[in-house]
Every structure is written in structure tokens, then in C-alpha cells.
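Each chain gets a letter, A, B and so on, in the order the sequences are listed, and its residues count up from 1.
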There are 2 protein chains.
Amino acid sequence: MPSLETKKAKPATPRERARAQTLVDIVRIGREHLAVHGAAALSLRAVARDLGVVSSAVYRYVQNRDELLTLLLIDGYNELGDQVDAAVAAAPEGDFAGQFRALGRAVRQWAIREPASYALLFGSPVPGYQAPGERTTAPGTRVIYRLVGIFEAAQRAGALNAEVSPGVVIPPDLAADLEAIRAGLGLSLPDEALARGVLAWTSIFGAISFEVFGQYGPDTFKARDELFEHQLAVLAGVAGL
Amino acid sequence: MPSLETKKAKPATPRERARAQTLVDIVRIGREHLAVHGAAALSLRAVARDLGVVSSAVYRYVQNRDELLTLLLIDGYNELGDQVDAAVAAAPEGDFAGQFRALGRAVRQWAIREPASYALLFGSPVPGYQAPGERTTAPGTRVIYRLVGIFEAAQRAGALNAEVSPGVVIPPDLAADLEAIRAGLGLSLPDEALARGVLAWTSIFGAISFEVFGQYGPDTFKARDELFEHQLAVLAGVAGL
DNA sequence: TTCTTGTCAAGAGCACTGCTCTCGAATGTT
DNA sequence: AACATTCGAGAGCAGTGCTCTTGACAAGAA
């Protein structure tokens, strides 16, 4: 769609410029409210108040509360994706385990810095809200794509340990799912490595969610950095790095 | 507190009986609403409507919305704890890996059956709601206590593999946390085993959360039972079982 | 330059929420 | 029978999402 691109690229008329500016203002204020009060308490009226405008005016820019939620969702996915990309790129090129740990650390640090956004992306779904897949899947898959990219590069470099948990077999139905993923992304990872990558993925988010969502309790773990580093190290071993 | 116990045990006066009955009715209706509309949309007015009573009447039984949330929280923790206890007890006595898998399956099945309750217990915290620790910690720690109990029994039986990830060391700060846990629960597990148990714990909930919260997407994994079984098997190996 | 067209903010209004207060009725106790 | 407690009903306040109408304003066309 070249027309849409150009429309986005050059907001020639001052009207469009003003409109775009108020929209980013709305998203910015929405992010602040999200951070302070949480996703379920996100109120268009409160955003309007902070914007210095009456409530009905924001409906000129945002169709409804759900669309603002979608904008914040995309915003969060992209910010997290940028953080992860930068962290992985800063790791040594051939050090795949280091890249894996850098990815995990980047996700955790972003989650701790933006707990409300993290909860919106990876926590319990907001009741009555269904994310529009056509707008959120692309930014929402950036981290996992990056992760399998690390595994794939390690595999091609011959740095992926294939014999980690020898006794575990993969049933055919699961193998079919993994084959579909492999075909969809053009990977050469064997089933075992792919499955362990999925486990590492979910485990990282499990550890972060426990910490961010307060499941550990107030004083069960004081050395949380060290705990997470330990979990990352073990998971890297599990994944074969 | 014997007086409180007797008060609970024999609701002699019919008034107290009726009061207790309406309270369990409120919790029951609250659970239904939780399952249908989610935690953030839990409305005392709607509960009152279903109870056939005006909204202000429920405030005679429940102090506010947060207390109803607390009651549902305790209810959920206990239901999950009962499921886990039953599943673990049904596993063969000396088969510690089997008990571990039974625990994981029980948690997952309950989570799939009661996704809203699972979200309330382990998902993003409800904004503005702080669980009262003195009432929720006891039921909230049943599952993790059960899990470390399995590890402890395996350790005493000499069935715990100590050399799983040899290269990973535990820094002193983390060791201090683990020592406090070990002392608090009267365990004899070494640091490595305890830390890997925590990892297994968070990883199980990470896998279940991804599935229940819809992070996998609609059709990435069709063989979800097999995927979870695979993850359980790998995690049992990681934990040393 | 005037006129038309489209965009915008404002405000009223509907239905909903949590929560508090008062009042009268029902209930159990003495 | 008299008293005290408990309970439900209803009104009311402040907040929410969202819709609709109204009037002001600015951009482009004649």
C-alpha cells in the first residue's frame, strides 16, 4: 500500500500533523495511566482529563477503549522487541549462550521497569478484550523469533548440544506441530532442539512472571538478580547451548 | 482460638446458619461470574441481582469488592490444593518423577477448567487489590510445599540426581535465601536441588500460563497435551528426578 | 474573498459500577 | 410482651464507557 505509506510519511497538511500529534499524546498519557493504575482501570475519561479535553473528544481519535488498549499493546511489544534486539546485538557474535542470556535479561529488565505493560502483554487477558491478530501478531512475535533465531544460528554453527535429555521422546502429534513451525520459519532445527527452545521460552516468562506478579512473596528471595541468572544458566544448558 | 472454632463448628442459632448459607451463595455466584466475565469485571451489583437481592444488601455479608475477591482467592487456592494433593497421593509411593508429573498435570487441568480462577491466582495482579497475606499465604503455598515435599522425599530416598547441570554455581546471596527456605521448612535438600526445584516450579507455571492466557496463538500448537507432557518430562530431568 | 465542506470540542444523556446512608420490617432474645 | 439485633430496600453520590446533537472553526473551492 504505497498510498498509506506516503500518507504516513508526509503529513503534509497541518491538520494531519496536529491530529497525529494528539494521537501520540493520547498513547503517551495512556501509558502513564497504565503504569500507575493498571490495564483494567484504564479510563478514557481520565486520559481526556490529563489531555485537557472533554471525554467525548478523545473518541475523535480513538474508536473506543479497546482500541487504545490495542495501541498500548503494540507499543509495548515494539518497545520490548527493541530492547531485546539491542541486547542480543550487543552480545558477542559467536557466543550463543551469551546471546540467550542477554535476551532473557533484556526481557526481565523491561518487565521490571514496566510491570503494567508486561502484565498487559503476558499476564491474564483483559476481560472482554480480544486483541486484533492482524495488528498485534507481527510485533508480538518479535521476541520468540529472535530466540529461535539464536538457536538456529547455534545449530548451523554446530554449537547446539543435541544430547541433553536423551530419554525424552517426542510423540508424532507434537512432531507435526514442530514441523509446521520449522516449515513456517524456514528452520533446520531438529524436533528435540525446537521443543527445548519452546520450553526455555515459556520458562523464562514463567520466572519473570513470578517475580513481577509478586508470586515469590515479599521476602522469600532477596537475591533476585542472582536467582534469575541461575535460572538462565540452567535453561541455557537445557536448551543445549 | 477455641471460641472461634466452636463458633464455626456449631452454628447453633438459625440466624447464623442463614447468614453462613447466604455467604456461601455469594461466593458461589461470585465464582460463576468470575468464570464468565473475569476478575476485573466482577461486580457486586451483578452478584446481588443473581442472588435476588438489592445491591446494598450484600454489603451486610461482604465488606467490599476486595473482600469478595479475597474469598474467591482462598477458594481457588484450596480447590487447586485439593486437586494437587489428590493427584499426588494417587501416584505410586516411590515414583517421585511420577508424583512430580502428577502434580504438574493436576495444576494444568485445573487451570484449563477454571481459567478465570487461575488468572486470579497466578495472573496479573488486580489493580488496586492487595491480597491480605494473613489469610491467603497458608492456602497459597500448598502447591509449592507439596512440590518441595516430593523433592525432599526423593532426596531422603537417595533418588535425586545431584549432578544435572555441573557447571552452574550458586552465588552466596542466593545461597543465603535458599538456606532460609531450607531452615524454614526443615529441609535437607542441597542448594543445587532446591534452586532447580524453584526453576521447575516457575517453569511449570510459565508453560501453563502461556497456554491458558493464549500466548501460543490459536493454532501454533494443536498437540498441547503432548507438549505439556514433554515439558514435564524435561523438567523432571532438570530437577534431578 | 466568499462559500461550502469537513473536522473538531463541548455538553447532555443513558446505563452501568462501588459504596454509604437511612428507614422500616423481620427476627431472635429476655 | 418488650427489647435489641439483624437484615433488606431504597435513595443518593461519584465515577465509568459510550452515543448523540450542537455549535465553532479551519481548509479548500468558486
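- Atom pair B:Tyr129:OH and C:dC19:C1' shows a separation of 18 Å (rounding to whole Å applied).
- For the pair A:Asp85 and A:Arg146, the salt-bridge criterion is met [side-chain N within less than 4.0 Å of a carboxylate O].
- Nucleic acid contact for B:Leu68: none, since no nucleic acid atom lies under 4.0 Å from a heavy atom of the residue.
- Distance A:Glu16 CD to D:dG28 P: 10 Å, rounded to the nearest Å.
- Here A:Val53 lies in heavy-atom contact (under 4.0 Å) with sugar-phosphate atoms only.
- Within the model, atoms CZ of A:Arg182 and CD of A:Glu179 stand 4.5 Å from one another, a figure rounded to the nearest 0.5 Å.
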May I have the list of side-chain donor-acceptor pairs in residues 119-130 of chain A shorter than 3.5 Å, sequence neighbours left out?
residue  : atom : partner  : partner atom : Å
A:Ser124 : OG   : B:Ser124 : N            : 2.8
A:Ser124 : OG   : B:Ser124 : OG           : 2.9
A:Tyr129 : OH   : A:Thr70  : N            : 3.4
A:Tyr129 : OH   : A:Thr70  : OG1          : 2.6

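- B:Leu23 places its CG atom 12 Å from the P atom of D:dG8, with the value rounded to the nearest Å.
- Picking from C:dA9, C:dT17, D:dC20 the nucleotide with the shortest atom distance to the side chain of A:Ser56 gives D:dC20.
- Contact annotation: B:Ser43 side-chain N/O to C:dG18 OP1/OP2 distance is under 4.0 Å.
- Across all strands, B:Arg45 comes closer than 4.0 Å to base atoms (heavy-atom distances).
- If you take CZ of B:Arg49 and C1' of D:dG8, they are 17 Å apart, rounded to a whole angstrom.
- Spacing between atom CZ of A:Arg65 and atom P of D:dT19 amounts to 14 Å, rounded to whole angstrom units.
- Phosphate proximity of C:dT7 to A:Arg19: absent, as no side-chain N or O sits under 4.0 Å from OP1 or OP2.
- A:Gln83 contributes no side-chain N or O that, together with a main-chain N or O of A:Glu79, makes up a donor-acceptor pair within less than 3.5 Å.
- Under a 4.0 Å N-O distance rule, the pair B:Asp177/A:Arg224 does not qualify as a salt bridge.
- In this structure, B:Asp66 places its CG atom 11 Å from P of C:dG18, rounding to the nearest Å.
- Where the helix from C:dT1-D:dA30 to C:dT30-D:dA1 starts and where it ends, the local axes point in directions that differ by 10°; five pairs per end, rounded to 10°.
- Considering CD of A:Gln231 and CZ of A:Arg101, their distance stands at 14.0 Å, rounded to 0.5 Å.
- Atom-to-atom, CD of A:Glu67 to C1' of D:dC18 comes out at 14 Å; the value is rounded to the nearest Å.
- Taken to the nearest 0.5 Å, the CZ atom of B:Arg60 stands 12.5 Å off from the CD1 atom of B:Ile26.
- Of the candidates C:dA9, C:dG18, D:dT16, the closest approach to any side-chain atom of A:Ala57 belongs to C:dA9.
- When the side-chain nitrogen and oxygen atoms of A:Tyr61 are compared with OP1 and OP2 of C:dA9, one or more of them lie within a distance under 4.0 Å.
- Ion pairing of B:Arg31 with B:Asp75 is present here, as a side-chain N (NZ or NE/NH1/NH2) and a carboxylate O approach within less than 4.0 Å.
- The separation between A:His33 atom NE2 and D:dT16 atom P is 10 Å, rounded to whole Å.
- B:Arg60 comes within contact range of at least one nucleobase, with a heavy-atom separation under 4.0 Å.
- Residue B:Leu44 has its side chain nearest to C:dC19 when only C:dA10, C:dC19, D:dA9 are considered.
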